[in-house]
There are 2 protein chains.
Amino acid sequence: MLNNKSMYAILGILSLSPSTGYDIKKYSDKVLSGFWNENFGHIYPTLKKMLEDGMIEIVYKEKNEKKIRYGITPKGKRELEAWFLEETMQQPIRSEFMLKLLFSSSQPRENVIRMLENYKERHEENIEKYLRMQEDLKQGIQEISKERFLFINAILRKGIISNEAVIHWCDETIEELQH
Amino acid sequence: MLNNKSMYAILGILSLSPSTGYDIKKYSDKVLSGFWNENFGHIYPTLKKMLEDGMIEIVYKEKNEKKIRYGITPKGKRELEAWFLEETMQQPIRSEFMLKLLFSSSQPRENVIRMLENYKERHEENIEKYLRMQEDLKQGIQEISKERFLFINAILRKGIISNEAVIHWCDETIEELQH
DNA sequence: TTATGGTATATCAGAGTGATATAGTTGTCA
DNA sequence: TGACAACTATATCACTCTGATATACCATAA
């Protein structure tokens, strides 16, 4: 376990409340989606290793209960704290859309424009999702601390701002391709 | 070879001119950086498979020359064309910075602000890089077709617009965290 | 009652990353 | 001219991550 980033996502989630692998996936899809993703094929093996390493423990398992609920251990908390102080390196990026666009100069214009319109629509949907999440956050404000509200809201604002920029770029580029 | 995206990046690059594995890496780092990355550990095995599959061929190897230069074959060109027509699915995203931020609500404020300032600086550097690339593109405009200029410029504009949005968000968020 | 959908765990092949090894070539500057 | 640095070039490996698939249980609605 040297450079497994999923470990930090899992530790972060478990630091909020004990969860099953399935819960972790649900949380990723719901709250982290937009900037982080996890899948079962990685969650379960990582949980197994983290258990071996003493970062997490099985906190709740009734006799006949089949689900396995994990909680963070003091060692896991220390690991999470150390991660906050570490310098964050930039991740490798891969945008298949941009790759396709770069090599599209000899494609029919209408195909490229359709591609851009499609891309724009997806980003408009993203904004709608973020706005809904912002509404939900404001509705449920009493459930979380002011601190946490500030941070979650910052993340939602980033999603909105970034997607707006892309939409603006799509409009400009479609315009330019139409002469 | 079912879902290897590097294959399309390589086909795209080879459709411009025959290249060695090293050339492909250089092109990725110089032109594609910002939205696409390749590394040797994937380029060489992929080239090997693509050669087996008849997508590419060794086009130039003098008697005593040790470097292996690859060119795209008609089959490779068809594969590339088919890719343009395919729907582009969104790629999974992983921003370690955003993950860290989400779980940072109990960290000392000054640490979080330092993190954000660092993040902002990196995006300012990105913009400078894109502006330099835009200058280089304008200087060398006679070397490439008008079509290609349009597309490369669009990509650079996207880099600039997106990074500006992030910088704006950083300013807003730092402000908010300082009360 | 049967099917639909959500909960829950798990495995696997293959894609992609980052580090490292090796060796030849070119440039430079002392 | 010879030594050293920097670049060119190919390759492998352990590990991370993805996406598909399999299995099975449970609730509930048609």
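Both backbone and side-chain heavy atoms feed into the values below; hydrogens, waters and symmetry mates do not. Residue numbers start from 1 in every chain, and the chains themselves are labelled A, B, ... in the order their sequence lines are given, proteins ahead of strands.
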With the side chain of [X] defined as its heavy atoms from C-beta on, choose the nearest nucleotide among [options].
| X | options | result |
| --- | --- | --- |
| Phe40(A) | dA10(C), dT10(D), dT12(D) | dA10(C) |
| Tyr44(A) | dA8(C), dA9(D), dG19(D) | dA8(C) |
| Lys49(B) | dA15(C), dT12(D), dA8(C) | dA15(C) |
| Ile68(B) | dT11(C), dA9(D), dT10(D) | dT10(D) |
| Lys48(A) | dT9(C), dT18(D), dT11(C) | dT11(C) |
| Pro92(A) | dA8(C), dT17(C), dG19(D) | dT17(C) |

Classify the side-chain pair Ser6(A)/Arg94(B) by whether it contains a donor and acceptor separated by less than 3.5 Å. yes
Could you list the protein-to-nucleotides 4-7 of chain C atom pairs, N/O on both sides, closer than 3.5 Å?
{"unit_1": "dT7(C)", "atom_1": "OP2", "unit_2": "Tyr22(A)", "atom_2": "OH", "d": "3.3"}

Nearest non-hydrogen partners of Ile10(B) and Ile24(B), listed with the distance: CG2-CD1, 3.9 Å
Could you check whether Gly41(B) gets within reach of a base, just the sugar-phosphate, or nothing at all, counting any heavy atom under 4.0 Å? base
Contact class for Lys25(A) vs. all strands (heavy atom < 4.0 Å): base, sugar-phosphate, or nothing? nothing
Would you say the side chain of Asn39(B) and the base of dG16(C) hold a donor-acceptor pair, judged only by whether the two atoms sit under 3.5 Å apart? no
Is the phosphate of dT18(D) approached by Asn37(A) (side-chain N or O, under 4.0 Å from OP1 or OP2)? yes
Which ring-ring contact (aromatic ring centres under 6.0 Å, His included) pairs, counting each pair once, include a residue from residues 96-130 of chain A, with sequence neighbours left out? Phe97(A)-Tyr119(A), Tyr119(A)-His123(A)
Most 5' of Gly21(B) and His42(B) on DNA chain D, judged by nearest nucleotide: Gly21(B)
Output the residues of residues 79-90 of chain B in contact with DNA chain C, where contact means a heavy atom of the residue under 4.0 Å from an atom of the strand; sort by number or write none. none
